[in-house]
Amino acid sequence: MSAPLLETRDLSVTFKVARQGGWPWSPPRELQAVKQASLRLEPGRTLGLVGESGSGKSSLARAIVGTVPVSDGRVLWRGEDIVSMDTAAQRAHGRHVQMVFQDPLDALNPRMTVGQIVAEPLRTHFPDLSKEQVRAKVGQMMERVGLLPALINRYPHEFSGGQCQRIGIARALITDPELVVCDEPVSALDVSVQAQVVNLLQELQREMGLALLFIAHDLSVVRHISHRIAVMYLGRIVEVATASELIANPRHPYTKALIASVPIPSPKAERARHRPVLEGELPSPMSPPSGCVFRTRCPIARADCADATPAVMNIGNDHLVSCPYHSSTEASPL
Amino acid sequence: MFATKSVADDLAGAAPIKGRSLWADARARFLRNRAAVAGLIVLLLVAAFALIGPFIAPWNNEDIDWNVLGNVAQGGRPSLETGHWFGTDALGRDLFARTVQGTQISLLVGIVGALISVIVGTLYGAIAGYFGGRIDNVMMRIVDVLMSIPYMFVLILLLVVFGRSLLMLFIGIGLISWLDMARIARGQTLTLKGKAYIEAAVATGVRPFTIILRHIIPNLLGVVIVYATLLVPSMIIYESFISFLGLGVQEPLTSWGALINDGASEMNNGTLWMLGWPLFFFVITLFGFFFVGDGLRDALDPKDR
């Protein structure tokens with residue numbers, strides 16, 4: 001089997017946080033944003049990444065894109081390690097991996113015209129293109145994402161949120177990348193516009209053979225667009241499966257709670273169903289619980305959960321879960 | 001947004017629509033501000049006075065009018081008949097020509113000081129803020145150290161040790177003027193650094209210096225311009241103070257501060273015009289810069305109002 005488009009192996013991202021009120025020389029505290037995350041993404045497929053706020057989804061995405069330093073592990077692009085590349089090679093690699101951001105207006109430089117914004121990756125990676133060529137390409141790309149090319153000289157503040165997101169997508173696609181990392185691309189948009197943007201992304205994926213890493217905290221959006229879904233909790237990937245398998249047959253207690261939290265648009269059904277509500281808060285990533293990080297909120301936690309990090313188990317059908325007690329449903333007497 | 005293909009095709013042939021940049025918006029807001037426009041007109045008139053003055057002055061600024069020398073209080077009065085429109089100074093030199101020259105020097109000092117601060121301070125602050133970490137620490141501690149030195153003392157020492165010259169004055173003022181600007185630019189850069197468009201540029205593989213020049217500096221410029229317009233008058237005040245102490249530009253060159261100093265020492269002899277004219281230009285220029293600075297701030301930061 002050939003190497004996948006993108007693979008992360010035991011990827012960890014650690015941030016150093018200066019101690020409040022400490023001496024300048026006192027060692028900073030470490031915040032483990034992502035710990036030993038392993039993912040695979042095949043060309044032209046979509047991997048959804050879900051988890052609550054602070055679970056490390058964005059840090060993982062940024063480590064893959066290269067805007068956040070990787071503290072441990074590897075990011076393999078077609079089997080080649082990106083982390084160990086030199087700076088120039090990493091910059092050149094930026095052509096293949098692009099990013100779409102959450103807040104569409106924040107992602108566009110207010111002093112640049114749409115044409116300049118969309119052209120920036122082109123100018124960076126293909127400096128030999130003439131002005132006319134760049135202009136023609138930008139125009140084509142704008143049309144492709146549903147913007148009128150005549151708006152090329154407008155500024156970002158003259159557009160709506162959905163249009164700004166289309167500009168962001170146009171900028172991401174102008175260099176013909178193979179992977180686009182979408183960091184909650186629709187969370188800041190109206191529901192009606194969300195659907196348009198998601199459909200646009202799917203359409204472009206089909207046309208251009210893109211692979212997408214789609215991050216969201218809204219499971220219903222991710223389910224719609226993804227082939228596979230990975231669930232993150234406190235920097236760890238707790239479960240990975242195909243989208244339909246994960247929704248129909250969640251194994252990890254956290255995934256179950258996450259799916260149960262998606263509202264059903266029917267009041268009767270909503271009232272009738274049993275919802276295991278998670279209690280407590282996300283623990284601090286500065287001092288995660290020992291063993292399984294979910295045990296402090298887990299309905300089926302046992303005493304030995306605190307001992308060791310649960311191993312990742314393949315329970316068939318390429319369904320990976322890191323909970324040894326995933327088949328038990330009852331709460332332990334603990 | 002929902003334009004169908006046919007509409008898009010129709011419009012594709014049309015000329016691109018011209019967008020309104022933030023700069024164009026700011027210009028419109030500035031021009032609606034009456035005080036700021038008045039300040040700008042005053043500044044333009046003062047600049048015109050400094051540029052055109054030498055060609056219309058009937059007297060040379062270095063020539064002494066021997067007719068008034070012994071009797072400045074009477075013969076040296078401002079009058080149209082003698083050609084001394086602003087009167088003469090205590091030595092019988094034409095005050096109009098001297099004021100024109102003082103205006104040139106003072107404006108030059110102010111503008112050069114502000115330019116040094118804009119160029120050096122903005123780049124320095126943007127680099128420190130963008131790279132952050134240890135580079136930032138070292139660069140900003142250097143600024144702290146330079147700031148902790150009493151600048152007037154250094155300026156006076158420079159002028160005493162290396163002699164009084166215009167060049168030394170520029171060097172002295174250039175040394176201190178960029179420090180505040182560097183801090184302001186760094187602070188602004190730190191907030192800009194968190195913007196997603198910077199991250200998008202980093203992810204694409206744009207080089208750090210290109211990011212600073214393309215993304216950070218244009219977004220800093222609003223704050224920088226406002227601060228620079230407020231810096232020009234403070235540079236003029238520095239220079240005037242130095243000249244007032246007798247350490248600034250050297251005779252026969254002069255500046256507003258030197259002229260005000262000369263006028264102030266003759267105050268008791270009934271020749272108030274010697275103080276009045278340079279003071280008048282000094283004050284209206286400062287007011288002009290302050291009004292323009294305020295207007296620019298309102299125009300460039302509409303959110304702050």
Any side-chain heavy-atom pair from A/M112 and B/H215 closer than 4.5 angstrom? yes
Might you confirm whether atom CZ of B/R134 has over 12 heavy atoms from other residues, nucleotides or ligands at distances under 6.0 Å? no
For B/A196 and A/A107, the nearest pair of non-hydrogen atoms, with its separation, is CB-CA, 3.6 Å
A/R123, A/E120, A/R111: which one forms the most heavy-atom pairs within less than 4.5 Å of chain B? A/R111
Within the 4.5 Å heavy-atom criterion, are A/H157 and B/D25 side-chain neighbours or not? yes
Within 6.0 Å of CZ in B/F30, more than 12 heavy atoms from elsewhere: yes
Enclosure of A/E80 CD (heavy-atom neighbours >12, cutoff 6.0 Å): no
So, taking the atom named CZ in B/R214 and the one named OG1 in A/T124, what distance separates them when rounded to the nearest 0.5 Å? 5.5 Å
Is it the case that atom NZ in B/K193 sees more than 12 heavy atoms from other parts of the structure closer than 6.0 Å? yes
Closest approach of B/G205 and A/R91, non-hydrogen atoms and distance? O-CD, 3.1 Å
A/N109 side chain near B/Y197 side chain, heavy-atom distance below 4.5 Å: yes
In terms of heavy-atom proximity below 4.5 Å to chain B, should A/H93 be classed as side chain, backbone, both, or neither? neither
Do A/H125 and B/T204 have side chains that approach each other closer than 4.5 Å (heavy atoms only, starting at C-beta)? yes
Polar side-chain atom of A/D106 near backbone of B/K195 as donor-acceptor pair, under 3.5 Å: no
